[in-house]
Undergrad: 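One structure follows; several queries about it will come next.
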Number of protein chains: 2
Amino acid sequence: MTARPDSPSSAPPLTERQEARRRRILDATVELARRGGFGAVQMREVADSADVALGTLYRYFPSKIHLLVAVLRDRLEGLRETLHERPPGGREPGARVVEALTRAFRALREEPRLTEAMVRAFTFADRSAGAEVEAVSRLTTAIVLDAVGRQGPPPPELLSVVRVVEHTWHSALIGWLSGRCSGEQVYGDIKTVCELIPAETPGGAHR
Amino acid sequence: MTARPDSPSSAPPLTERQEARRRRILDATVELARRGGFGAVQMREVADSADVALGTLYRYFPSKIHLLVAVLRDRLEGLRETLHERPPGGREPGARVVEALTRAFRALREEPRLTEAMVRAFTFADRSAGAEVEAVSRLTTAIVLDAVGRQGPPPPELLSVVRVVEHTWHSALIGWLSGRCSGEQVYGDIKTVCELIPAETPGGAHR
DNA sequence: GCCGTCCTTGAAACTTGTTCCAGATTAACG
DNA sequence: CGTTAATCTGGAACAAGTTTCAAGGACGGC
């Protein structure tokens, strides 16, 4: 459906120039979003900045929402790599997740407008952006599960806990963006929700 | 504490005809949203259905977002009254909250398109709709605290837990609307997060 | 009842996301 | 190369949220 850079499945490969175009579009989007948030990401502007025609922009990303969710995905992939390089060092799974999310939030706070643009797009997305949203969702889950550090396939209760952590994460961000929650409350809520994460089982297989 | 439907504070009182107009607008909005969700709530349509001029609609509700959040607020007030009449009957605070939210979700499932319209508006709202969003937020908190059944002013840890419950509630709804979570998962996540709610303290003041 | 003020109306204009199209460019293949 | 299909471009056109404005109506104070 949409062209993807890294998913070799289900998409015709892009030529080098196409890859470059795609990258220019994403970069232009980030730049505009950084400056003025969701509202400043105007499709004509993006197209101009990226030196592509409007129609081309829409061929690559079928809507503003798709575009911004793709940026979010990009960023999350970066975050995941960072966390891989310097993994959180807590002793308990809950503490590691707190650290991972806290670090993520610290990074997001540095660029509040970009964050606003990505998060608003993500939460506003409807089913038409299902694939992209799904990808972001899976990535977030993967990041949290990485921090939990469990080896085998997670049992359903753990998955529900992880979903609740993610819910809190997303919604706390929204609350923070709309001025309803302070940054301190976000940190606190992350800590609170992570108490749901069960401690490492001493008998079971662990790191 | 919470502003009543027609908050007597900080707003000039409306004449009877103005009150009627406001009500017509809200009713027309609900009707359109019920039929076609967020997208079907078009400002010109709303104005036509409610028999007011477009400019008047915008005087009452400065944006589509404000309008739909006001509808949400209206509904939440109704929900709160319902819960007052037939309060959840669980023995523990957590169980009561689960029941309250479960009943709410059951009601929302009956009118998915209306739900979609309200929730998307709420999560998309930015600071310009701060007041309305704040009202909805306070109402939600009040509903959860009602179910918790605590008497005095809640301590900060409890408030953080309640916020996490609300985060989960909102974000699970979004996930459900965007097809990412099943209804069963929503129920499960509500139950999971409510485990954070501390049990009734036998020594303290209780019902 | 009269007057000044605020409210409502109808309609046009403006903004920005999205779609469409005809012609130019590029890539793939023989 | 030459051909053919796909892609890209510039630009117009459309859709829906929002703004603006002049003229008529409602309301409260006198």
Side-chain angles (χ1 to χ4, degrees), chain A residues 1-4 11-25 28-29 32-33 35-71 117-118 120-122 124-129 132, chain B residues 11-25 28-29 32-33 35-71 116-117 120-122 124-129 132:
Chain A
M1 193 163 300
T2 316
R4 303 244 187 89
L14 300 183
T15 72
E16 199 161 323
R17 304 187 47 178
Q18 288 175 322
E19 200 57 69
R21 261 187 215 109
R22 198 188 130 91
R23 182 71 7 229
R24 281 207 309 278
I25 292 174
T29 305
L32 288 170
R35 270 208 279 274
F38 187 88
V41 178
Q42 302 192 355
M43 299 303 267
R44 288 175 242 263
E45 286 270 320
V46 173
D48 277 2
S49 291
D51 267 307
V52 296
L54 193 54
T56 307
L57 171 53
Y58 273 93
R59 169 179 287 272
Y60 280 72
F61 302 95
S63 78
K64 177 169 170 174
I65 296 296
H66 285 76
L67 173 57
L68 281 167
V69 174
V71 169
M118 298 186 300
R120 293 226 355 243
F122 178 75
F124 192 66
D126 64 353
R127 290 186 146 82
S128 82
E132 290 289 332
Chain B
L14 300 183
T15 73
E16 200 162 318
R17 304 187 50 180
Q18 287 175 323
E19 200 57 70
R21 261 188 216 109
R22 194 185 133 90
R23 180 72 7 230
R24 283 206 309 279
I25 292 175
T29 305
L32 289 170
R35 272 209 278 275
F38 187 88
V41 177
Q42 302 192 353
M43 298 305 266
R44 291 169 174 87
E45 287 270 319
V46 173
D48 277 2
S49 292
D51 266 310
V52 296
L54 194 55
T56 307
L57 171 54
Y58 273 95
R59 169 177 289 271
Y60 280 74
F61 301 96
S63 80
K64 177 170 171 173
I65 297 296
H66 285 76
L67 173 57
L68 282 167
V69 174
V71 169
E116 183 241 19
R120 297 237 334 257
F122 179 76
F124 191 65
D126 62 354
R127 291 186 144 82
S128 83
E132 290 289 332

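Fair warning: this is a prediction, and the values are worked out from it, not measured in the lab. Naming convention: chains lettered A, B, ... in sequence-line order (proteins, then strands); numbering from 1 in each chain.
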Undergrad: Looking at residues 43-54 of chain B, who's got a heavy atom less than 4.0 Å off DNA chain D?
TA: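 By residue number: M43(B), R44(B), L54(B).
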Undergrad: Closer to the 5' end of DNA chain D via nearest nucleotide, is it G55(B) or R21(A)?
TA: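 Counting from the 5' end, the first nearest nucleotide belongs to R21(A).
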Undergrad: May I ask you to decide if A129(B)'s main-chain N or O and E132(B)'s side chain share a donor-acceptor pair within less than 3.5 Å?
TA: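 It does not hold such a pair.
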Undergrad: Please report the shortest heavy-atom distance between I65(B) and F124(B), naming the atom on each side.
TA: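 Reported closest heavy-atom pair: CD1-CD2, 3.8 Å.
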Undergrad: Which pairs with one or both residues in residues 52-68 of chain B pass side-chain hydrogen bond (donor to acceptor under 3.5 Å, both in side chains), sequence neighbours excluded?
TA: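 The answer is S63(B)-H66(B).
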Undergrad: For T56(A) and G39(B), find the nucleotide of DNA chain D closest to each by heavy atoms; which residue's nucleotide sits nearer the 5' end?
TA: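 The residue whose closest nucleotide sits nearer the 5' end is T56(A).
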Undergrad: Using atom CZ of F124(B) as one end and atom C1' of dA16(D) as the other, report the distance to the nearest whole Å.
TA: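 The distance from CZ of F124(B) to C1' of dA16(D) comes to 14 Å, rounded to the nearest Å.
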Undergrad: Take atom CG of L57(A) and atom P of dC20(C), then tell me their distance rounded to the nearest Å.
TA: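 L57(A) atom CG is separated from dC20(C) atom P by 16 Å.
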Undergrad: Quick one: D126(A) CG to dG17(C) C1', roughly how many Å, whole number?
TA: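 Rounded to the whole Å, the gap is 14 Å.
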Undergrad: Roughly, in whole Å, what's the span from CZ in R17(B) to P in dG25(D)?
TA: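 After rounding, the gap between these two atoms is 12 Å.
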Undergrad: Round to a whole Å and report the spacing from CD of E16(A) to P of dT26(C).
TA: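 Result: 15 Å.
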Undergrad: Expected output is a numbered-order residue list: members of residues 59-69 of chain B with a heavy atom under 4.0 Å from any atom of DNA chain C. What is it?
TA: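 Residues of residues 59-69 of chain B under 4.0 Å from DNA chain C: R59(B), Y60(B).
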Undergrad: Specify the closest pair of heavy atoms between V71(A) and M118(A), including all atoms of both residues, with the distance to one decimal.
TA: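 The pair with the smallest heavy-atom distance is CG1-SD, 3.8 Å.
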Undergrad: Counting only side-chain N and O atoms of Q18(B), is one of them less than 4.0 Å from OP1 or OP2 of dT8(C)?
TA: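 Yes, within the criterion.
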Undergrad: Using whole Å, report how far CZ of R24(A) lies from C1' of dT9(D).
TA: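 After rounding, the gap between these two atoms is 13 Å.
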Undergrad: By nearest atom, which of the nucleotides dT18(D), dT19(C), dT9(D) is closest to the Y58(B) side chain?
TA: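 So the side chain of Y58(B) is nearest to dT18(D).
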